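Bear in mind that the values here come from a model prediction, so they are computed numbers and not experimental data. Positions are given from 1 along the sequence.
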Amino acid sequence: MLTALDDTLWHQLPTTFDHVWTSDPRFFDRYWFAIYSGDGRVAIQITMGAYRNMNVLDAGAVMIVDGKQYNLRVSRSLNGSVETVCGPIRITPIEALQTLDIVIEPSEGVLHGRIRWDGVEPAHEEHPHYTRLQSRTVEDYRRFDQIGVASGYLEVDGQRIEIDKWWSCRDHSWGVRRGMGVPEPVTGPKLPLSEKGHVMAFLFFSTTAMSGSLLFSGRGDDTPYTTGVLTLRETETSHDVTHIALEVDLHEGTRRFRRAAVVAQLEGAGELRLELDAQGASIAMQGIGYSGGFNDGRGLGAWRGETWLETDVWDVSHPAKVILPDGTEKVHWHRIQPVSIAASLNGETSEGTGSMTLTIAGQLPAHLQVQSASS
């Protein structure tokens with residue numbers, strides 16, 4: 001099927017743009033944005049993803065105001081379209097790798113508004129993500145990360161929230177990844193988390209002196225996947241991350257952190273230490289559709305008909321529990337926490353803001369230094 005993209009000179013396969021290089025149903029291409037107020041009162045996330053082999057475009061937007069999380073999740077059939085519009089949500093690149101326009105039209109959903117996103121640092125590409133398990137490729141994708149600012153407004157529950165150059169970050173990822181569209185096939189015995197736990201930390205940050213992103217992911221005491229880059233504002237130089245260590249101070253009885261420290265070894269720039277303090281409530285990512293989200297529990301990339309829209313409001317004021325509209329409680333592993341940052345690099349200190357995903361599942365690895373409120 002021909003689309004507008006087929007009248008460009010940028011084909012990379014002998015086929016039209018509505019086909020991708022693999023028939024794997026998990027192939028995806030996704031935007032993600034996080035936007036935080038300086039006082040920790042408001043946190044916003046917006047996402048949109050295309051799944052060519054599932055015939056799906058889905059999107060979501062969430063906003064936390066004073067501990068309440070307002071959720072909007074939408075989906076539609078892709079049908080060969082190349083328009084980044086899903087229900088009331090539209091995301092339009094204005095200048096590649098720099099400026100995007102995000103619109104949420106009024107609808108039966110709980111929030112609407114318009115946001116302009118502007119990069120303040122160049123986008124940086126992560127190391128390739130590639131994993132094989134029991135002779136099968138389970139992930140093969142790429143991602144770039146970028147720090148920026150957001151301006152505009154969102155309206156929710158009778159409140160108009162003005163957004164004036166708030167701290168923001170985004171990523172854009174594409175390829176094959178677990179948990180996209182279909183359940184993973186069983187190709188062998190699964191090692192329980194009680195024997196080999198998993199830790200993942202993904203931090204976007206910027207201070208008055210620097211900005212960057214760091215990603216650490218490890219299972220048990222296996223060699224972890226590590227990627228990241230630090231950009232120094234004064235010299236405009238960038239330095240790759242070669243090693244990451246984590247220290248976390250958890251809320252008692254939970255796997256959610258109050259404070260954390262990330263220590264990164266930098267190529268050609270010494271050691272960076274980042275002290276993180278949680279600011280406000282963390283976003284429960286199922287509200288935006290991730291990690292088994294949507295009312296049917298099938299998460300991102302699942303076909304739900306020609307059009308689909310659902311909306312709800314959750315109480316996320318507790319560090320771990322989510323209280324649903326019917327009063328039931330649940331604890332879910334995937335939360336993203338706004339944080340304040342105190343950075344130290346070779347004796348020079350600076351302060352700023354960040355966005356921290358920290359998931360800890362199963363048996364704790366020996367390399368993770370953990371405290372709790374009772375210790």
Side-chain angles (χ1 to χ4, degrees), residues 10-13 15 17 19-34 47-54 93 96-97 119 121-147 169-182 184-185 187 196 198-205 211-231 237-246 262 264-269 272 290-291 299-301 334 336 355-359 365 367:
W10 313 125
H11 293 87
Q12 298 183 59
L13 296 170
T15 186
F17 269 95
H19 290 88
V20 296
W21 62 275
T22 176
S23 61
D24 193 315
R26 300 168 304 157
F27 183 88
F28 75 103
D29 201 337
R30 173 165 294 277
Y31 293 130
W32 171 84
F33 304 83
T47 189
M48 179 177 288
Y51 313 82
R52 284 290 180 192
N53 296 330
M54 291 296 292
L97 303 177
E121 302 284 356
H124 291 285
E125 190 175 357
E126 297 177 10
H127 297 318
H129 296 254
Y130 184 83
T131 303
R132 286 177 62 86
L133 180 65
Q134 295 158 341
S135 302
R136 185 177 67 88
T137 298
V138 294
E139 62 180 20
D140 184 5
Y141 70 96
R142 304 298 288 261
R143 179 166 56 205
F144 67 76
D145 310 315
Q146 192 171 23
I147 303 295
C169 61
R170 75 172 183 120
D171 69 39
H172 185 167
S173 54
W174 62 95
V176 171
R177 187 176 180 182
R178 283 180 269 208
M180 296 290 172
V182 295
E184 291 296 303
T187 57
K196 202 172 200 179
H198 180 260
V199 176
M200 190 273 283
F202 192 9
L203 174 66
F204 291 82
F205 70 96
S211 65
S213 60
L214 309 172
L215 174 57
F216 171 97
S217 179
R219 188 170 295 279
D221 291 312
D222 296 347
T223 301
Y225 170 91
T226 301
T227 188
V229 65
L230 173 76
T231 299
T237 57
S238 295
H239 302 273
D240 288 334
V241 174
T242 59
H243 181 268
I244 295 173
L246 300 173
V262 180
Q265 303 299 324
L266 305 172
E267 194 172 87
L272 170 67
Y290 281 65
S291 306
L300 300 172
H334 197 179
I336 297 185
S355 180
M356 177 66 154
T357 306
L358 177 63
T359 64
H367 58 71

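- Within the cation-pi definition used here (under 6.0 Å to the ring centroid, within 45° of the axis), Arg177 qualifies as a partner of Tyr141.
- Here Ile244 contributes atom CD1 and Leu214 contributes atom CG; the two are 4.5 Å apart, rounded to the nearest 0.5 Å.
- Using a cutoff of 4.0 Å between basic side-chain nitrogens and carboxylate oxygens, Arg26 and Glu184 are scored as salt-bridged.
- To the nearest 0.5 angstrom, Ser173 atom OG is 11.5 Å from Tyr31 atom OH.
- Around atom NE2 of His11, more than 12 heavy atoms belonging to other residues, nucleotides or ligands sit under 6.0 Å away.
- For His129 and Tyr225, the gap between ring centers is short of 6.0 Å.
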Inset, instruction - Output, in order, the C-alpha distance, side-chain angles, deciding distance and verdict of ring pair (Phe, Tyr, Trp, His ring centres under 6.0 Å) for Phe144 and His124. - result: CA-CA 5 Å; Phe144 67 76; His124 291 285; over 10 Å; no
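- Atom CG in Leu300 sits 7.5 Å away from atom OG in Ser291 (nearest 0.5 Å).
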Inset, instruction - Could you please spell out the steps behind the salt bridge (Lys or Arg N to Asp or Glu O under 4.0 Å) verdict for Glu125 and Arg142? - result: CA-CA 8 Å; Glu125 190 175 357; Arg142 304 298 288 261; 2.6 Å; yes
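- In this structure, the ring of Trp32 has its center no less than 6.0 angstrom from the ring center of Tyr290.
- Below 30°, between 30° and 60°, or above 60°: for His172 and Trp174 the angle between ring planes is above 60°, a perpendicular geometry.
- Between the side chain of Gln146 and the backbone N or O of Glu121 there is at least one donor-acceptor pair closer than 3.5 Å.
- Glu139 pairs with exactly one of Leu133, Thr131, Val176 by the side chain to side chain contact (heavy atoms under 4.5 Å, CB included) rule, that one being Thr131.
- Interatomic distance, Phe202 CZ to Thr359 OG1, rounded to the nearest 0.5 Å: 12.0 Å.
- A donor-acceptor pair under 3.5 Å is absent between the side-chain atoms of Glu126 and the main chain of Asp145, judged by distance alone.
- The structure places NE2 of His239 at 8.5 Å from OG1 of Thr231, a figure rounded to the nearest 0.5 Å.
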